[in-house]
Amino acid sequence: MILDEVEQLLHERIGLDAGTVGVSGLNYALKQRMAACAITDPSLYWRRLTATPQEQQELINAVIVPETWFFRDPKAFVAMTRQALAMRATGKVAEGRALRLISLPCSTGEEPYSMAMALFDAGLGASDFAIDAIDISTRNLAAAAQAVYGRNSFRGTDLEFRARHFNAVEGGYRPHAEIRRQVRFRHGNLLDALGIDAEPYDVVFCRNLLIYFDRDTQERALDRLSRMLAPHGVLLVGSGEAGLPLQCGFSSLRIPMAFAFAKRDAAERQPKPAASPPAPAGRKPPARPAPAASLRTRMPPPRAAVAPAPPQSPSPAVAPAPSRDAAGESLGIVERAANEGRLGEARQAARRHIEAFGPSAAALYLLGLACDADGAADEAVEAYRKVLYLAPDHREALAHLALLLRQRGDLAGAKAFSDRLGRLEKRSDRQ
């Protein structure tokens with residue numbers, strides 16, 4: 001095959017580190033495109049690929065596999081909304097100027113539409129904000145423009161936002177027209193000139209893109225993101241990328257499980273996030289999947305204590321069991337360290353918590369996130385699998401494990417967990 005040449009081409013065109021999708025993933029995309037072109041000789045396909053920009057785009061479409069859903073990582077949307085309201089309240093965004101937001105990459109549209117829903121639910125009007133949505137995949141952009149979403153785009157147990165913001169149509173659900181009008185979709189590449197307005201953005205969502213780059217490309221990308229961001233702006237990245245902005249001129253805003261950052265020279269001047277606003281008349285606040293911090297509410301109940309037999313002689317004092325408050329405080333330490341990019345500390349704190357309070361789905365999930373973000377893929381996989389042993393219906397662990405396995409090239413394993421997640425969603429829909 002022509003893997004080495006294709007890897008180099010994709011690195012030059014879109015910055016992709018082929019190791020993040022795995023040899024099997026790249027091979028699968030190549031076979032798809034060769035079959036589509038009715039070409040069996042790899043050298044002939046290579047000539048076509050290098051001579052035809054359209055075929056390069058089709059290969060990019062085949063390599064980029066979307067994995068997204070509405071209100072993924074819900075605390076990021078809470079942080080976005082509160083920061084946006086604070087910018088307006090403190091004059092960081094001038095009165096009468098619309099907030100400028102961008103989702104990059106926007107994939108098939110779930111993220112930018114979630115941003116619009118969250119801002120509408122916070123009481124903002126259509127003239128108060130505008131969202132740009134950029135993606136390298138023309139296939140993803142076509143799906144976003146069609147805006148018809150099936151079960152896989154709605155994950156979690158609380159989907160009340162779907163009843164408020166969507167119409168049922170053939171094939172799934174479509175966001176209301178007022179939601180769709182707030183988002184402008186464009187084809188672009190962060191590493192190239194995007195062709196977007198020169199005015200900087202107040203909020204930049206760039207989640208789960210940096211993990212596909214090598215170190216040098218990550219630094220280039222973060223430099224671009226910094227230049228796109230207003231001095232008072234907020235950058236939100238994925239959980240697996242939380243350590244990267246800290247090394248490239250950003251400071252954490254220390255909002256648990258939001259992975260939100262500001263430019264370092266502006267971090268101390270960031271406005272205090274506004275309290276959650278009351279829902280406007282006729283609207284309910286957005287219903288979203290439970291954040292990781294509340295996962296312990298889904299854990300199996302603790303085993304009942306067994307009373308010991310009456311002692312025949314005085315027995316030594318028994319140390320009291322750790323309190324629930326202490327356990328919650330310990331988990332909070334893990335969350336804060338992970339969110340601030342102190343990934344080594346987060347991993348150690350998670351292990352200390354498990355040693356002190358015993359294994360739990362909540363602690364193991366946080367350990368998995370921290371290991372995932374710190375590049376310890378084997379340990380992350382082990383932690384996510386232990387979560388699923390304790391809580392087989394843990395949707396977040398299923399989603400993260402499927403994505404991690406896909407990135408490592410284990411397509412069969414990724415499909416098994418994605419299918420398992422899909423069955424859970426179907427079961428929830430029937431209940």
Between [X] and [Y], what is the shortest heavy-atom contact and its length?
X      : Y      : answer
Leu388 : Ala397 : CD2-CB, 4.0 Å
Ile136 : Ile14  : CG1-CG2, 3.5 Å
Leu225 : Val204 : CD2-CG1, 3.9 Å
Leu191 : Gly15  : CD1-CA, 3.7 Å
Leu364 : Pro359 : CD1-CB, 4.2 Å

Looking at [Y] and [X], is there a salt bridge between them, counting it only when a charged N and a carboxylate O are closer than 4.0 Å?
X      : Y      : value
Arg207 : Glu110 : no
Glu58  : Arg48  : no
Asp223 : Arg227 : yes
Asp202 : Arg100 : no

Next item on the list: Using the ring of Phe70 (Phe, Tyr or Trp, six-membered ring only), decide whether Arg162 places NZ or CZ under 6.0 Å from its centre and within 45 degrees of its axis.
Entry: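 So Arg162 doesn't make the cation-pi contact.
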Next item on the list: Decide yes or no on side chain to side chain contact (heavy atoms under 4.5 Å, CB included) for Tyr45 and Leu59, but give the supporting numbers first.
Entry: CA-CA 11 Å; Tyr45 178 73; Leu59 179 61; 4.0 Å; yes
Margin query: Suppose we screen for side-chain contact (heavy atoms from CB on, under 4.5 Å). Which residues come up paired with Ala377, at least two apart in sequence or across chains?
Written below: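 Per chain and number, Ala377 pairs via side-chain contact (heavy atoms from CB on, under 4.5 Å) with Leu404, Arg408.
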Checklist line | Pair listing, ring pair (Phe, Tyr, Trp, His ring centres under 6.0 Å) test, anchored in residues 81-115, at least two apart | finding: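 Listed once each, the pairs are Tyr113-Phe185.
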Within-4.5 Å side-chain heavy-atom neighbours: [X] and [Y]:
X      : Y      : answer
Met115 : Val183 : no
Leu369 : Tyr384 : yes
Gln182 : Glu178 : no
Arg88  : Leu124 : yes
Phe205 : Cys106 : no
Val387 : Leu401 : no

Next item on the list: For Leu235 and Leu222, run side chain to side chain contact (heavy atoms under 4.5 Å, CB included): C-alpha distance rounded to whole Å, both residues' side-chain angles, the deciding distance at 0.1 Å, then the answer.
Entry: CA-CA 10 Å; Leu235 169 67; Leu222 282 161; 4.3 Å; yes
Margin query: Could you walk me through whether Gln218 and Glu241 satisfy the side chain to side chain contact (heavy atoms under 4.5 Å, CB included) test, starting with their C-alpha distance in whole Å, then the side-chain angles of each, then the deciding distance to 0.1 Å, before giving a yes or no?
Written below: CA-CA 10 Å; Gln218 287 171 346; Glu241 303 160 329; over 6 Å; no
Check: Which value, rounded to the nearest 0.5 Å, describes the distance between Gln8 atom CD and Ile2 atom CD1?
Finding: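 If we round to the nearest 0.5 Å, Gln8:CD and Ile2:CD1 are 13.5 Å apart.
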Item checked: salt bridge (Lys or Arg N to Asp or Glu O under 4.0 Å) between Glu55 and Arg13, worked out -> CA-CA 13 Å; Glu55 182 54 34; Arg13 278 291 311 274; over 6 Å; no
Checklist line | Between Gln57 and Asn61: side-chain donor-acceptor atoms closer than 3.5 Å | finding: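 Asn61 and Gln57 do have a side-chain donor-acceptor pair below 3.5 Å.
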Notebook entry, point to check: Any side-chain donor-acceptor pair under 3.5 Å between His353 and Ser330?
Noted result: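 Their side chains do contain a donor-acceptor pair, which is all the 3.5 Å distance test asks for.
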Note to self: Between Leu101 and Met80, is the side chain to side chain contact (heavy atoms under 4.5 Å, CB included) condition met? List the steps.
What the structure shows: CA-CA 10 Å; Leu101 306 95; Met80 171 205 72; 3.9 Å; yes
Next item on the list: Indicate, with yes or no, if the rings of Phe161 and Phe77 have centres closer together than 6.0 Å.
Entry: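 Aromatic pair excluded; centres sit 6.0 Å or further apart.
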